[in-house]
Amino acid sequence: MKSIFVHKSTFILAVIILFAANGYSQNIGLKTNALYWATTTPNIGVEVAVGRKLTLDITGGYNPWEFGNNKKFKHWAAQSELRYWLCDTFEGHFFGIHAQGGEFNIGRIDLPNFIFGSDSGDHRYQGFFAGGGISYGYQWILSPRWNLEANIGLGYNYIKYDKFEPCDCGERLESKSSNYFGPTKIGLSIIYLIK
């Protein structure tokens, strides 16, 4: 069932990008978020103009690493965002609406108390999140093919997770869910424009 969903989603995404690229072939950007790399998470995104003042941004990141002593920040996350540009696409101010989701397996990492509580560094958490929000950003033109982008987003995420003893085979202590309101994205991205 999940395989069919993945194949259909991939097909729909490819069709959207091909049609968008056909009409606005000079406005496709490949990007990576430097702040996400700071968490040791490789990430890539594509942004495609779908109108004179609209772009569709799709990004994803995957972190498979363990840091020793069962300390880990394993996760994958995906996000799509429809952006409205105040002037031209890929230049200046924009506002967006985004949807996001992913799964995580985090262990022995101290996180802010509002996420998993004050003892997050002493346990392992495994689960998923899904949500969305609104964003604001700005892109600077560095050269004809390179841009720099800063953005921030606020919104909501539903988080469902299991709390475990800190080792991989540790006993499950509890299952919880939470509703998170606050920052949902932040980025400082380097963009290569395909023309």
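The first residue in the sequence is number 1, and the count goes up from there.
- Annotation: the span from Asn27 atom CG to Glu91 atom CD amounts to 10.5 Å, rounded to 0.5 Å.
- His93 pairs in a side chain to side chain donor-acceptor pair (under 3.5 Å) with only one of the listed residues (Trp85, Tyr84, Tyr136), which is Tyr136.
- One finds a salt bridge joining Lys74 and Glu66 here, because a Lys/Arg side-chain nitrogen approaches an Asp/Glu carboxylate oxygen to under 4.0 Å.
- Not a single donor-acceptor pair under 3.5 Å links the side chain of Thr40 to the backbone N or O of Asn63.
- Put simply, NZ on Lys160 and OG on Ser177 are 5.5 Å apart, with the number rounded to the nearest 0.5 Å.
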Run the numbers on Ser135 and Asn151 for side chain to side chain donor-acceptor pair (under 3.5 Å), then give the verdict. CA-CA 7 Å; Ser135 66; Asn151 67 50; over 6 Å; no
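- Follow the hydrophobic side-chain contacts under 4.5 Å out from Tyr138 and you reach Ile190 in the same cluster.
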Take Gln139 and Asn147 through the side chain to side chain donor-acceptor pair (under 3.5 Å) test and state the conclusion after the steps. CA-CA 6 Å; Gln139 273 193 28; Asn147 280 8; 2.8 Å; yes
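- Phe181 and Ile152 sit in two unconnected hydrophobic clusters of ILVMFWY residues. Membership requires side-chain heavy atoms under 4.5 Å apart, directly or through other members.
- Exactly one of Glu81, Glu47, Arg83 qualifies for a side chain to side chain donor-acceptor pair (under 3.5 Å) with Thr55. That residue is Glu47.
- For Arg172, the CZ atom counts as loosely surrounded, since its 6.0 Å shell holds 12 or fewer non-hydrogen atoms of other residues, nucleotides or ligands.
- A chain of hydrophobic side-chain contacts below 4.5 Å, direct or via other Ile, Leu, Val, Met, Phe, Trp or Tyr residues, connects Leu148 to Ile186.
- One finds the OG1 atom of Thr184 at 12.5 Å from the OH atom of Tyr156 (value rounded to the nearest 0.5 Å).
- The 12-atom threshold is not exceeded at CD1 of Ile134, counting heavy atoms of other residues, nucleotides or ligands nearer than 6.0 Å.
- In this structure, His75 has its ring center no closer than 6.0 Å to that of Tyr62.
- Within a 6.0 Å radius of CD in Glu171, other residues, nucleotides and ligands contribute 12 heavy atoms or fewer.
- Note that CG of Asp122 and NZ of Lys163 are 8.5 Å apart. Values are rounded to the nearest 0.5 Å.
- Of all heavy-atom pairs between Tyr36 and Ala77, the closest is OH-CB, 3.6 Å.
- Contact annotation: the side chain of Leu86 never approaches that of Phe94 to less than 4.5 Å [non-hydrogen atoms, C-beta and beyond].
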Please step through side chain to side chain contact (heavy atoms under 4.5 Å, CB included) for the pair His98 and Lys185, ending with a clear verdict. CA-CA 9 Å; His98 60 269; Lys185 66 180 287 184; 3.7 Å; yes
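- Closest approach of Pro144 and Leu193 over heavy atoms only: O-CD1, 4.1 Å.
- Ring to ring, Tyr158 and Tyr180 are not that close: their centroids are 6.0 angstrom or more apart.
- In this structure the side chain of Lys31 reaches within 4.5 angstrom of the side chain of Glu149, judged on heavy atoms.
- To the nearest 0.5 Å, atoms CG (Leu111) and CG (Asp119) are separated by 11.0 Å.
- Using a 4.5 Å cut-off on side-chain heavy atoms (C-beta onward), Ile159 and Phe104 make contact.
- Within a 6.0 Å sphere centred on CD1 of Ile109, other residues, nucleotides and ligands contribute more than 12 heavy atoms.
- Surrounding CH2 of Trp140 are more than 12 heavy atoms belonging to other residues, nucleotides or ligands, all under 6.0 Å away.
- Side-chain contact between Thr59 and Ile44 is absent, with no heavy atoms from C-beta onward closer than 4.5 Å.
- Distance alone, capped at 3.5 Å, places no donor-acceptor pair between the Asn157 side chain and the Gln100 backbone.
- The aromatic ring centroids of Trp146 and Tyr192 lie less than 6.0 Å from each other.
- Hydrophobic clustering keeps Phe129 apart from Leu154 (ILVMFWY residues linked when any side-chain heavy atoms are closer than 4.5 Å, directly or through intermediates).
- The backbone N or O of Asn43 sits less than 3.5 Å from a side-chain atom of Thr32, completing a donor-acceptor pair.
- Residues Tyr161 and Phe128 are not in side-chain contact: their nearest non-hydrogen atoms beyond the backbone lie 4.5 Å or more apart.
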I would like to know whether Arg124 and Asn105 meet side chain to side chain donor-acceptor pair (under 3.5 Å); could you show each step before the answer? CA-CA 7 Å; Arg124 183 173 67 86; Asn105 185 355; 3.1 Å; yes
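- A salt bridge is absent between Asp88 and Lys53; no separation between the charged side-chain nitrogens and carboxylate oxygens falls under 4.0 Å.
- The side-chain heavy atoms of Ile194 and Leu30, taken from C-beta on, include a pair separated by under 4.5 Å.
- To the nearest 0.5 Å, atom CZ of residue Phe164 and atom SG of residue Cys169 are 11.0 Å apart.
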